[in-house]
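Taking it in order: structure first as structure tokens, then the write-up.
First the proteins, then the strands, lettered A, B, ... as listed; each starts at 1.
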2 protein chains.
Amino acid sequence: MLTAEESRQIAAVSTRRHVSPGTELMSALNLHESCVALLRGVVKISRLLTDGRQQIVSLKAAPDLLGSPFAPPGEVSVRAVTEAEIYCVPRPALESIVLQNRVLEHRLHLRALEDLSEAEALLLTLGRKTARERIATFLLDMAGRFRSAELGKRCDCGLAISEPGVVDLPLTRAEIGDFLGLTFETVSRQFAALRKDGLIEFTDARRVSVKDRTRLRVAAGC
Amino acid sequence: MLTAEESRQIAAVSTRRHVSPGTELMSALNLHESCVALLRGVVKISRLLTDGRQQIVSLKAAPDLLGSPFAPPGEVSVRAVTEAEIYCVPRPALESIVLQNRVLEHRLHLRALEDLSEAEALLLTLGRKTARERIATFLLDMAGRFRSAELGKRCDCGLAISEPGVVDLPLTRAEIGDFLGLTFETVSRQFAALRKDGLIEFTDARRVSVKDRTRLRVAAGC
DNA sequence: CGAACTCTTGAGTGGGATCAAATGACGTGG
DNA sequence: CCACGTCATTTGATCCCACTCAAGAGTTCG
């Protein structure tokens with residue numbers, strides 16, 4: 001995403017941090033003062049209601065940039081899901097780098113449009129799909145993003161051996177619920193139902209194997 | 001949004017159209033061949049499931065630009081909600097204009113980030129709010145966007161006399177349901193409940209008056 | 001070993017969906 | 001002008017999916 005020169009400029013003004021699961025990466029205070037370059041790990045971006053209900057609006061896996069130097073204010077929480085390595089970049093510094101580099105701004109623009117498209121897909125899921133459809137949709141999404149490292153070792157191209165389709169879920173059942181607008185009990189029950197129907201299999205609670213991708217796609221409702 | 005010169009450039013390569021409510025503005029065929037400048041009226045952008053379920057992901061009121069010359073492919077439907085006046089702009093033409101104008105691309109970038117923020121707010125609504133909270137949230141949103149023309153005549157600034165708060169809803173009950181992930185019966189019932197509780201009043205089915213903005217905000221759940 | 005999590009599973013409830021009917025507004029054509 | 005069809009809306013009755021409450025097992029960690 002960045003050239004060596006750009007990376008150097010950014011690193012020069014940033015602070016590197018290692019964070020554990022659950023750590024809030026941006027407090028409400030510094031949210032508009034810095035962006036975060038995600039070097040390793042997975043983070044969740046959530047919107048909150050005052051009574052504690054929350055909705056995960058986006059999952060980000062390294063390498064990626066969280067926040068935008070131009071993003072409008074918004075009440076979001078950013079927390080590590082796994083162990084993670086990050087750079088905290090002062091917003092003004094990032095802004096000036098981006099404003100000096102047309103191509104870089106164009107790339108950020110494209111990424112914002114992709115994020116928007118992803119958010120719209122999730123809107124369809126939350127607004128119109130059943131619990132079973134949401135879980136199936138989620139599994140297909142995760143299968144495209146978190147293929148297990150065991151099989152398809154070091155195969156960087158996305159088109160690895162897809163039949164074994166083993167996925168390492170980075171989220172707890174409760175987090176999956178917060179992502180899909182469900183309770184963790186419903187998530188657990190729908191996983192059990194898909195397993196009983198032979199669409200998936202679990203080696204343990206966090207490792208799923210997709211047994212029948214075609215039927216899983218049907219179960220996802222499109 | 002655009003300078004006179006930019007508008008002229010765009011108009012030169014565009015075709016103007018008047019469309020009636022319900023008209024599809026972009027078929028699946030030309031969706032990636034053109035963008036739409038909305039001059040008058042309101043349109044809805046929806047995502048569809050094969051069995052007919054749909055989710056409105058965004059409402060756009062004139063003046064605005066629909067689609068982006070850089071947007072990734074996505075299965076969306078764009079339909080007029082009210083009578084509308086539009087320019088259809090060939091995508092390559094718009095793309096070249098934007099690529100020649102840094103400031104213009106920056107503005108499109110900012111708009112994409114605002115759209116993303118709006119989409120995230122809707123995600124919270126669809127994922128975590130009750131029917132009553134969704135309707136209250138929707139009314140507050142509409143009150144900020146579609147203040148009735150009767151009061152506050154020709155007052156372009158958004159800060160008009162807000163107490164009378166009369167709103168002209170551009171959507172049918174079914175469309176409101178497609179926006180909020182509810183059925184039209186539930187929309188109708190929740191409107192009735194808010195009316196019974198004295199938070200709002202109807203002069204007719206499409207014209208709402210906000211009687212108690214404070215309690216409506218509480219009802220919106222934040 | 002106990003505390004704190006995570007996950008599963010069961011039982012019962014309730015909010016919103018579904019099915020159904022009636023009303024009113026509107027335009028169209030006889 | 002009225003009869004008619006269409007569409008938007010409201011309201012009632014019933015159903016069911018997902019939520020809630022609860023219990024227990026498996027884990028990790030101090």
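- Here B/R134 lies out of heavy-atom contact (under 4.0 Å) with every strand.
- For B/T186 and C/dA17, the shortest distance from a side-chain N or O to OP1 or OP2 is below 4.0 Å.
- Residue contacts shown for A/F191 are absent, as no nucleic acid heavy atom lies under 4.0 Å away.
- Computed from coordinates, the B/L182 CG to C/dA17 P distance equals 5 Å when rounded to whole Å.
- Here A/S188 reaches the OP1 or OP2 of C/dT8: one of its side-chain N or O atoms lies under 4.0 Å away.
- For the residue pair A/S58/A/K44, the side-chain donor-acceptor check at 3.5 Å is not satisfied.
- Both A/T172 and B/A131 sit near DNA chain C, but only A/T172 has its closest nucleotide nearer the 5' end.
- Residue A/G181 is in sugar-phosphate contact alone, with no base atom involved, counting any heavy-atom pair closer than 4.0 Å across all strands shown.
- Look at CD1 on A/I135: it is 12 Å from P on C/dC7, rounded to the nearest Å.
- Below the 3.5 angstrom threshold, one finds a donor paired with an acceptor across the side chain of A/R189 and the base of D/dT20.
- For A/Q190 and D/dC17, a side-chain-to-base donor-acceptor distance below 3.5 Å is absent, hydrogens and geometry of angles not being considered.
- Between B/L124 and A/L48, the closest heavy-atom pair is CD2-O, 3.9 Å.
- Between the side chains of B/T186 and B/T183, at least one donor-acceptor pair of N or O atoms lies under 3.5 Å.
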